[in-house]
Structure formats: C-alpha cells, structure tokens
Amino acid sequence: MKPSLPQGTRDFGPETVRRRNYIFQTIRSIFELYGFQPLETPAFENIETLLGKYGDEGDKLIFKILNNGLDNPSKHELITTEFGKVLEGKTTRVISERALRYDLTIPFARYVAMNHGKLTFPYKRYQMQPVWRADRPQRGRYREFYQCDADVVGSYSSISDAEFAQIYLEVFVCLGIDIKLKINSRKILNALAQVANAPDKFQVITVAIDKLDKIGIEKVMEELSQKGISTQGLEIIKRFLTLVGSNDKKISQLNSLFVNNEEGKAGIRELVYILQYLDSNQIEVDVTLARGLNYYTGIIYEVKATGVAIGSIGGGGRYDDLTGLFDVPSVPGVGISFGVDRIYDVMMELDLFPKDLEVSTRALFFNLGDSEAKFAFPYMQLLRKNGISCEFYHEQAKLDKQFRYAERKNIPYVVIIGSQEIQENSCLVKQLQTGDQEKVALDGLVNYFTIKT
RNA sequence: GUGGUUGUAGCUCAGUUGGUUAGAGCAUCAGAUUGUGAUUCUGAGGGUCGUGGGUUCGAGCCCCAUCAUCCACCCCA
C-alpha cells in the first residue's frame, strides 16, 4: 500500500525534534523556575468530560472515538437506533464513550476535581502534551499539536495574574521572539454588554468586536446591528472600540464609561493590578480581545508574534469556577497556554533557532578495513565512556564517501586510524569546518576532545 | 463544516490547440582518483503523470468522483 499520514498530522525528523525540544526545554525550565509541577493526563477522556465545555463549535471539533464491538449481533437493534441520533448530530454513549483530548485545561480541571482532597492549594501545575482538533488544517493550524499549559488553582489572588504575564514575557525573551502581549478582562466585556443595554448578547458582542482589526469598525457595527443591538447600544460600543492611546489613557476612558457599573470597575481593577507589575511597553490593554473559550471570567491574555501572520501563539485567562463543571464548587484558577507548533513556525520563519542544535555526534571514526577497525574500536568506546558521542563508519569505503557522511550529519570531527597510525600509536584528527588536521597520540585522544568541548 | 487553489522523478518545476518513446536543474549511485570531503568531467538508475472512473482513434492536458495540499471563512494554539 501507499504510505500516507492522516490529514493535519506530521512526522518530525531529527532536526525538527531537536528544535522542538529546545522550545519545550525553554518553557519547562521557566515553569519550574516559577514553582510549577508537572502533570500528565491520558490522551483520551470519557466523552462527557469534554462535551459541552468548549461551546457548540468546540464540540464539533472534538475527535470522537468509535466504540469497539459495534458489530455485536445481540446489540444490532440498539446500535442502529442510536446511530440514527449520530446522523442528527448527537453523540451517544452507545456509539462513542471516549474522545481525544481537545485542550489541557479541562482534563486538568477534571484532575483537580477528582483530587481536590489530596492537593495542596494553591496548586500549581504545568503540562506539555499533544491535543487534537478535527479542524481543517492550514497555515499554523494542525489537527495534532502540542500545548504547554501552566495553571494555578485555588486562589483568587491577582498576583498570579501578574506572574503569568511575566512568564509570557520571559519565555519569549529567551526564545528571541518579539511579541505583543495583550490583556483584557471578561468582566469589562460583560459590563459593556450591560451598558449597551444588551446583557443577553454578550456572546454576539464579543464575537463581533474580536474581528475589529480584521474587518474594520464599519463591518463590526453592521454585524452588531443585524444581530439586534439598539442604536443607542451601538453608539456606546463604538465609543468603546475607539479607545486609543497608552494603557493609562485607556484605563481612564474605561473608568468614565463604567462609572455606574460594578462589574466594569472590577474588570478595570484587574487590569490595573497587572499593569503595576510590568513596564507599560511590554504589555498592551486591548479591549477588543475576547477569546473564544467560554469558561473565562476575569483577566484574559493573548500573545502574538510581531511580523509573522500566524494567529496567536499563546493565550489564557482566569476562570473562577472551573471545577464546578465536575461538581466541585469554588475552585478558582488562572492559566496560560503556549502553542509550540506555531512558535516553531515563527522561529523557523525568523531564523531564530541556535545553529548548534543539530550537532549530535562529535566525531566519526573512519573505517579503513577490518584489522584497523578492530584496533580503533576500543579507542572510540573510550571516548563514549567519557561522554563524547561518536560513530564508527559502518563499512570500509572510499574516504570521500566517509567524509561526505560526516558532512551530511554535521559531525565536526573525523578520526582516522590506518596502518601508519597504528604503528605510531597515534591518529589523525581532522576538523571538517576548517580543514585543519593534526596528529594526536592515542592515549591523549580523550583529553583532546575534552578540551575541545 | 462552507468556498477556492494546487497535485508530473527523492526535491524544485517545464510539458504547445489532446498526437509517436514525458523532460530539466538539484539530489542519489558508479567511474576519472586504492589515505583526504563542498570544485570539475563522464556515465547510470529512478515516473502505472495523486487515485478511480468517463469522453476520444488517441488523455499529463478535457469531464466526473475521490484523496491529499495550500489559502480564505468559521473558530482557534
């Protein structure tokens, strides 16, 4: 058969894996630095754990796993009727009782709800695992991709909100990516819906204003008016959308807009709190930032790489009652997520990966025949024992072939031990990049490479 | 899920109004060079033209379906 990959998935070759690991390690070390602890959860969950948590759109994008044993003759009738429901767009347990993880937050909430008696709060965990979405793939969008999440649960303190902003900035400085970190509060968006006299149209309003930078203010107003927002409401939303200037300026304008709205004022306090911990040029208050996931209740974050059109490379926010979905009330939390695959694409486009990531083998031993190989082999093993990674060329071949192998694998040194060298108890070490070569005594070989490293 | 784009050698791509045996560059392999690699020269291998149907005397080219790809929308990391 002809080999192929499922839509939206990829294989990762050695260079790619090394570069991806570089991103993972950078993020992990900073998570650890801030006191987060690792957690891993299964690739698939009971389907009801996931359904209904991400909105209607999210439910459609969840990969459902077909149950085994659907061909069991004794269940034939039941399964046929249940499958009729699937055709109507409903998923039933008889057909599917498991689904692939859609993000890391809901499985985490499930874990916290199951273990809330045992955990020490505030509980800080990080998680770096793949998630799956049945989306249509395109640039920066995959059906299998990794998220790196960090969350704090069990505390209402805004200190965590500020720390997460700090983590975002720190990670992207380490990776060398120039970003814009945007913040907003769901409370402010709620308040907007209230003062615009459309408290029930919160969803409609956020979806529309989220598109502002894409379709422009006229089209946004058009969409809102079609969705039944009053002229008076439109006027207020328009004023809201045209907030400009520095963070301080925006805050004072918001203050005047929400003088009589408690929720709005609470949202402003959340923003002000974070801003006092950060330089104003690192972070931008963006009142049009909405974010789709509907469990957020407070601060929300989004990270975009400047100069690369790829969507957001990170996002997160505060949710005051995530575990309530699993019958454990009042465990608030806040968290952020990094999209590793998009970060990778950005770094490739901007050529930001360190060049030495691809070096693995330090030295290639040439194969000059059976007896020479037998003589040289123990010296290679000695290098390996000292932590220097080496390879022996697999067969006797023309030198130029062995050289080219070293070149293609980016091996910096070549060690040649032939009959001449055996007699002298030495070897030739050639550095490929410079072309320099020198004679090295065999008992000084380990030392030679230790110094070079 | 909706709309569009593209699919020819390992890679990047040519291929005329439908006409005999489908080409190039790069890469690979072999030789010029039996202990010195990015140069040069010579030669070789490699394709059921994404897949399956259809129209035609004849299809890489036209039609239909299907799969994959990239893009836009929706949504999102």
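Each chain gets a letter, A, B and so on, in the order its sequence line appears, and its residues count up from 1.
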Discussion item. Rounding to an integer number of angstrom, what distance separates C49(B) and U42(B) when you compare their C1' atoms?
Written reply: 30 Å
Fill in: Test log, rule side-chain hydrogen bond (donor to acceptor under 3.5 Å, both in side chains), inputs Tyr126(A) and Glu32(A)
CA-CA 8 Å; Tyr126(A) 72 87; Glu32(A) 296 266 357; 2.6 Å; yes
Worksheet item: Is Gly55(A) touching bases, backbone alone, or none of the nucleic acid, heavy atoms closer than 4.0 Å?
Response: nothing
Item to complete: Between Pro6(A) and Leu399(A), name the one whose nearest nucleotide on RNA chain B is closer to the 5' end.
Response: Leu399(A)
Practice prompt. Quick one: closest heavy-atom pair of Lys430(A) and Gly435(A), and the distance?
Written response: CE-O, 3.6 Å
Worksheet entry | Option from Phe403(A), Tyr405(A), Phe392(A) for which ring pair (Phe, Tyr, Trp, His ring centres under 6.0 Å) with Phe366(A) holds | Phe403(A)
Worksheet, complete the sentence: Considering only heavy side-chain atoms of Lys398(A), the closest of C76(B), C74(B), U33(B) is U33(B)
Discussion item. For a quick check of understanding: with a heavy-atom distance under 4.0 Å over all strands, which category does Val303(A) fall into, base, sugar-phosphate or nothing?
Written reply: nothing
Worksheet item: Charged N to carboxylate O under 4.0 angstrom, Glu222(A) versus Lys219(A)?
Response: no
Worksheet, complete the sentence: For Glu395(A) and Gln402(A), the nearest pair of non-hydrogen atoms, with its separation, is O-NE2, 4.2 Å
Worksheet item: C75(B), C29(B), A38(B): which one has an atom nearest the side-chain heavy atoms of Glu407(A)?
Response: A38(B)
Item to complete: Indicate, with a heavy-atom threshold strictly under 4.0 Å, whether Tyr142(A) touches base, sugar-phosphate, or nothing.
Response: base
Worksheet item: In whole Å, what separates the C1' atom of G47(B) from that of C13(B)?
Response: 15 Å
Worksheet, complete the sentence: Which of Asp151(A), Thr297(A), Thr105(A) passes side-chain hydrogen bond (donor to acceptor under 3.5 Å, both in side chains) with Tyr319(A)? Answer is Asp151(A)
Worksheet item: Which part of the nucleic acid, if any, lies within contact of Ile416(A), taking any heavy atom under 4.0 Å across all strands shown: a base, the sugar-phosphate backbone alone, or nothing?
Response: base
Discussion item. Tell me if the side-chain of Arg141(A) makes a donor-acceptor pair with the base of C71(B), cut-off 3.5 Å, by modelled atom types.
Written reply: no
Practice prompt. Considering only atom C1', compute the distance from A24(B) to U8(B) and round it to an integer number of Å.
Written response: 13 Å
Discussion item. Using a strict threshold of under 4.0 Å (side-chain N to carboxylate O), is an ion pair present between Glu270(A) and Arg318(A)?
Written reply: no
Discussion item. Counting the atoms with a prime plus P, OP1 and OP2 as sugar-phosphate, which does Gly316(A) contact under 4.0 Å by heavy atoms, base, sugar-phosphate, or nothing?
Written reply: nothing
Discussion item. Are Phe365(A) and Tyr379(A), when compared by the centres of their aromatic rings, separated by less than 6.0 Å?
Written reply: no
Worksheet item: Distance between the P atoms of C61(B) and G18(B), in whole angstroms?
Response: 11 Å
Item to complete: Look at all strands and tell whether Arg342(A) reaches a base, only sugar-phosphate, or nothing, counting heavy atoms closer than 4.0 Å.
Response: base
Item to complete: Return the nearest nucleotide to the side chain of Gln7(A); candidates are C74(B), U36(B), A68(B).
Response: A68(B)
Worksheet entry | Pairwise P distance for C70(B) and G7(B), with rounding to whole Å | 15 Å
Practice prompt. Compare the ring of Phe338(A) with the six-membered ring in the base of A77(B) and state whether they stack (centres under 5.5 Å, planes under 30°).
Written response: no
Fill in: Between C1' of C74(B) and CG of Asp210(A), the distance in whole Å
12 Å
Practice prompt. Could you please name the option among C76(B), G37(B), C75(B) that lies closest to any side-chain atom of Asp135(A)?
Written response: C75(B)
Worksheet entry | Min side-chain heavy-atom separation His394(A)-Asn367(A) under 4.5 Å | no
Worksheet item: If you pin Ile417(A) and Asp341(A) to their nearest nucleotides in RNA chain B, which one's is more 5'?
Response: Ile417(A)
Practice prompt. Check whether any side-chain heavy atom of Ile343(A) sits under 4.5 Å from a side-chain heavy atom of Val346(A), and report yes or no.
Written response: no
Discussion item. Side chain of Val207(A) only, heavy atoms from C-beta on: which candidate in C75(B), A77(B), U36(B) is closest?
Written reply: C75(B)
Worksheet entry | Rounded distance (Å) that lies between atom C1' of A77(B) and atom CG of Asp103(A) | 10 Å
Item to complete: For Gly311(A), answer base if it contacts any base atom (sugar-phosphate contacts may also be present), sugar-phosphate if it contacts only those atoms, and nothing otherwise; contact means non-hydrogen atoms under 4.0 Å.
Response: nothing
Fill in: Whole-Å gap separating P (C76(B)) and NZ (Lys211(A))
11 Å
Item to complete: Ignoring backbone atoms, establish whether Lys401(A) has a side-chain N or O less than 4.0 Å from OP1 or OP2 of C29(B).
Response: no
Worksheet item: Can you check the Tyr405(A) OH to C29(B) P distance for me, whole Å?
Response: 13 Å
Fill in: Residue pair Asp59(A) / Thr91(A), side-chain heavy-atom distance below 4.5 Å
no
Practice prompt. Give the rounded distance in Å between these two atoms: NZ of Lys60(A) and C1' of U2(B).
Written response: 11 Å
Fill in: Sugar-phosphate only, base, or nothing, as touched by Arg408(A) at under 4.0 Å among non-hydrogen atoms
sugar-phosphate
Worksheet item: Does the pair Tyr168(A) and Phe338(A) meet the rule for a ring-ring contact (aromatic ring centres under 6.0 Å, His included), with working shown?
Response: CA-CA 9 Å; Tyr168(A) 266 141; Phe338(A) 290 86; 5.0 Å; yes
Worksheet item: In whole Å, what separates the C1' atom of G46(B) from that of U2(B)?
Response: 41 Å
Worksheet item: Can you tell me how far P of C70(B) sits from CZ of Arg10(A), to the nearest Å?
Response: 10 Å
Item to complete: Give the rounded distance in Å between these two atoms: CZ of Arg139(A) and P of U6(B).
Response: 21 Å
Discussion item. Does a side-chain N or O of Gln138(A) approach OP1 or OP2 of A72(B) to a distance below 4.0 Å, or not?
Written reply: yes
Discussion item. Say we look at G60(B) and U20(B): how far apart would their P atoms be, to the nearest angstrom?
Written reply: 10 Å
Discussion item. Give the dot-bracket line for RNA chain B from 5' end to 3' end: parentheses for intra-strand Watson-Crick or G-U pairs under 3.5 Å, square brackets for crossings, | for inter-strand pairing, dots for unpaired.
Written reply: ((((.((..((((.....[...)))).(((((.......))))).....(((((..]....))))))).))))....
Discussion item. Can you pull out the residues from residues 421-439 of chain A that lie within a 4.0 Å heavy-atom distance of RNA chain B?
Written reply: Glu421(A), Leu428(A), Lys430(A), Leu432(A), Gly435(A), Gln437(A)
Worksheet item: P atom, A30(B) versus G15(B): distance in rounded Å?
Response: 34 Å
Fill in: Shortest side-chain distance from Asp400(A), nucleotide among C74(B), A77(B), G37(B)
G37(B)
Item to complete: Give the nucleotide from the list C75(B), U36(B), U2(B) with an atom nearest to the side chain of Arg136(A).
Response: U2(B)
Worksheet item: Is any side-chain heavy atom of Gln420(A) less than 4.5 Å from a side-chain heavy atom of Gln423(A)?
Response: no
Fill in: Euclidean distance, atom NZ of residue Lys182(A) to atom C1' of A77(B) [Å, nearest integer]
15 Å
Practice prompt. Select base, sugar-phosphate, or nothing to describe what Lys304(A) touches, counting heavy atoms under 4.0 Å on all strands.
Written response: nothing
